[in-house]
Amino acid sequence: MAAPRHLQSLKEEATCSVCLDYFTDPVAVACGHAFCLSCVTRCWEGLQTDFPCPQCRAISETKTLRPNRKLANVVEIAKQLQAPSATPQEANLCRKHEEKLKLFCEDDQEPICVVCSVSRDHKQHMVVPILEAAQEHKEKFQSYLEALKKKLADILELQHKEEIKVIQLKDKFKSQREQSSNEYEEMQQFLDKQKTLYLSDLNEKEKKSLQSIKEKANKLQEEQISIRNLIAEVESKYQQQDVEFLKDVKNTPIRHIDFESFGENEEKAATEEEVDLQMKILQSLAWRWSRSFAREVTLDPDTAQRWLILSKDGRSVRNGHRAQNLPNIPQRFTKYPIVLGRERLSSGMHYWEVEVGDKTEWGLGVCDECVSRKRRTSVSPEDGFWAVSLRDGEYRALTFPTTPLTTSVSPRVLGLFLDYEAGKLSVYNVDDKSLLFTFSGASFSTTVRPYFNPGPTDGGKNEGALQILPVNGQQ
């Protein structure tokens with residue numbers, strides 16, 4: 001006869017992991033695990049694709065169910081071997097009195113014989129007939145079993161709903177990725193077309209301008225020869241004796257020299273104005289395209305220098321009048337009034353806007369995650385900073401050396417567009433939609449983060465805050 005542990009192992013192999021009972025019409029799924037046909041059918045109810053194994057969660061693209069007849073035979077063998085090893089007569093006898101177990105002690109929760117019921121051990125206990133006790137406890141177990149099965153069914157239903165949510169979520173993000181990719185391609189094609197038209201128009205204007213200048217240069221050359229001849233004629237007469245000079249003076253009238261105005265400066269100014277207009281249009285288009293990559297940016301209080309005061313929503317920062325009692329943790333800046341954004345950017349394109357208002361000094365950009373927080377350093381690409389600033393009334397790109405920036409409209413709102421893979425940071429004046437400066441060829445090798453510097457208070461002149469603004473369409 002097989003050992004009890006072997007019988008238990010056999011029973012486990014013949015048991016469905018869903019209903020926890022012997023297999024009924026066992027079938028195998030794609031990964032090899034077996035289940036009752038009704039159990040796996042219930043688990044896959046409503047699914048059209050991506051069928052998960054109820055046991056290991058492996059996904060199968062098709063509903064693959066293979067009948068397992070050998071396993072069905074094993075189940076029948078297991079059921080037969082579950083019969084007790086002793087004879088029914090031996091199994092139902094009291095060990096103490098060798099009497100048949102006809103009663104059940106409710107206090108001790110065990111079968112007893114009639115002799116046991118009148119013994120000291122059970123005399124004062126609640127005793128009922130074995131059949132009555134069995135029926136009552138089977139009903140309890142049946143209720144418990146039904147509750148467990150209902151709980152299992154509820155869990156399977158919830159699990160099924162979550163799996164459907166996963167599929168729907170994947171479809172949603174797939175659709176959004178495709179839509180974004182299509183919009184990006186359309187915008188890129190539009191910009192390429194505009195660039196081609198602009199360059200073609202610029203080349204045509206260059207040809208016309210050069211031709212006009214050439215024609216006017218030829219006219220100037222002709223005028224130069226004419227004037228030289230006239231000078232020679234006048235000088236020849238001027239050198240004559242007075243009498244001879246005066247004899248012929250009536251035949252030599254002084255000519256009125258009308259120097260033709262070629263308007264080089266005016267045409268040059270007009271050409272430059274046209275070029276500037278075209279450039280502004282392209283910059284405006286590039287700015288609008290950049291805004292399609294708007295993302296949420298908030299400030300990281302753990303990086304803020306102790307003099308800085310951040311708003312509760314993490315969207316504005318200003319310089320206070322005194323240092324706050326904050327822990328000197330490794331990530332906090334100590335030498336400069338700097339705070340970083342929470343967002344760590346290591347790929348993709350990102351755009352955000354910051355209101356500087358009437359502030360007299362500020363700095364904005366991005367910096368490497370690993371820049372020094374505790375020692376003085378230059379705010380430049382060489383030390384991991386890519387930023388622009390306003391200081392002493394001058395706008396500058398913080399290159400090394402710094403690059404002065406010119407703008408016809410003082411910016412009150414700046415837009416920052418990071419293209420990580422291209423190694424570019426473009427800074428726009430949102431007020432007139434013009435490009436202030438582009439850092440290119442950065443070759444970012446680590447994570448970068450948005451950089452904010454509200455500057456010193458400047459005796460109360462620069463107490464205003466840097467305010468991160470929601471971009472239209474982004475809340």
Side-chain angles (χ1 to χ4, degrees), residues 173-174 176-192 195 282-300 302-303 314-315 331 333 338-354 362-373 377-389 397-400 403 405 413-430 433-453 466 468-474:
F173 278 97
K174 180 181 179 182
Q176 289 181 350
R177 281 194 295 269
E178 291 175 351
Q179 181 180 355
S180 298
S181 178
N182 292 336
E183 290 176 354
Y184 172 81
E185 292 296 333
E186 290 175 1
M187 180 62 74
Q188 189 64 49
Q189 291 173 7
F190 174 74
L191 289 175
D192 290 342
K195 177 182 177 182
L282 283 178
Q283 289 180 1
S284 177
L285 288 172
W287 170 74
R288 292 181 186 278
W289 174 73
S290 300
R291 295 182 99 231
S292 65
F293 297 94
R295 71 166 295 153
E296 180 78 12
V297 172
T298 54
L299 303 172
D300 182 359
D302 289 341
T303 65
R315 299 182 69 91
Q331 56 267 42
F333 285 89
I338 294 174
V339 59
L340 302 184
R342 291 181 182 272
E343 293 65 32
R344 291 167 169 80
L345 313 177
S346 58
S347 64
M349 302 184 198
H350 313 274
Y351 177 88
W352 61 98
E353 291 182 353
V354 182
W362 48 259
L364 293 170
V366 298
C367 69
D368 273 337
E369 174 75 60
C370 56
V371 295
S372 174
R373 314 290 175 95
T377 182
S378 67
V379 179
S380 66
E382 285 72 16
D383 285 321
F385 293 86
W386 294 267
V388 297
S389 71
L398 300 181
T399 54
F400 186 78
T403 303
L405 304 177
V413 178
L414 295 173
L416 294 96
F417 175 64
L418 173 71
D419 186 341
Y420 188 93
E421 280 75 16
K424 288 185 178 181
L425 174 70
S426 298
V427 183
Y428 291 92
N429 180 351
V430 176
K433 305 174 182 59
S434 63
L435 178 66
L436 279 180
F437 190 77
T438 294
F439 293 90
S440 59
S443 298
F444 303 118
S445 58
T446 62
T447 298
V448 297
R449 300 174 68 175
Y451 157 88
F452 303 83
N453 183 338
L466 294 176
I468 303 171
L469 300 178
V471 179
N472 290 344
Q474 171 206 15

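Two residues are said to be in side-chain contact when any heavy atoms from C-beta on lie closer than 4.5 Å; Leu418 and Val448 meet this criterion. Contact check for Arg449 versus Asp300: side-chain heavy atoms found under the 4.5 Å cut-off. Here the side chains of Val354 and Leu416 are in contact, with some heavy-atom distance below 4.5 Å. The shortest side-chain heavy-atom distance between Phe452 and Ile338 does not fall under the 4.5 Å cut-off. A heavy-atom distance below 4.5 Å is not found between the side chains of Asp383 and Phe400. The shortest distance between side-chain heavy atoms of Trp362 and Leu414 falls below 4.5 Å. Between Ser290 and Tyr428 the shortest side-chain heavy-atom distance falls below 4.5 Å.
Scanning both residues, Ala387 and Phe439, for their nearest heavy atoms gives O-CZ, 3.2 Å. Taking every heavy atom of both residues into account, Ile468 and Gly314 meet most closely at CD1-O, 4.2 Å. Between Phe333 and Ser372, the closest heavy-atom pair is CE2-O, 3.6 Å. The two residues Glu343 and Arg295 make their nearest non-hydrogen contact at CG-NH2, 3.3 Å. When all heavy atoms of Gly365 and Leu425 are compared, the pair lying nearest together is CA-CD2, 4.1 Å. Nearest heavy atom pair, residue Gln283 against residue Leu435, reads OE1-N, 2.9 Å.
At a cut-off of 3.5 Å, with distance as the only test, a side-chain donor of Trp287 or Tyr351 sits close to an acceptor on the other residue.
Using cut-offs of 30° and 60° for the angle between ring planes, the Tyr451 and Phe385 rings count as perpendicular.
Interatomic distance, OG1 of Thr438 versus CH2 of Trp386, reported as 15.0 Å (0.5 Å rounding). For the atom pair Glu353 CD and Leu469 CG, the distance stands at 6.5 Å (nearest 0.5 Å). Atom OG of residue Ser389 and atom CG of residue Leu405 lie 8.0 Å apart, to the nearest 0.5 angstrom. To the nearest 0.5 Å, the span separating CG on Asp419 from CZ on Phe293 amounts to 8.0 Å. The line from OG of Ser292 to CZ of Phe417 is 7.5 Å long, rounded to the nearest 0.5 Å. Rounding to the nearest 0.5 Å places NZ of Lys433 at 11.5 Å from CG of Leu285.
A salt bridge links Arg315 to Glu296: at least one charged side-chain nitrogen sits closer than 4.0 Å to a carboxylate oxygen.
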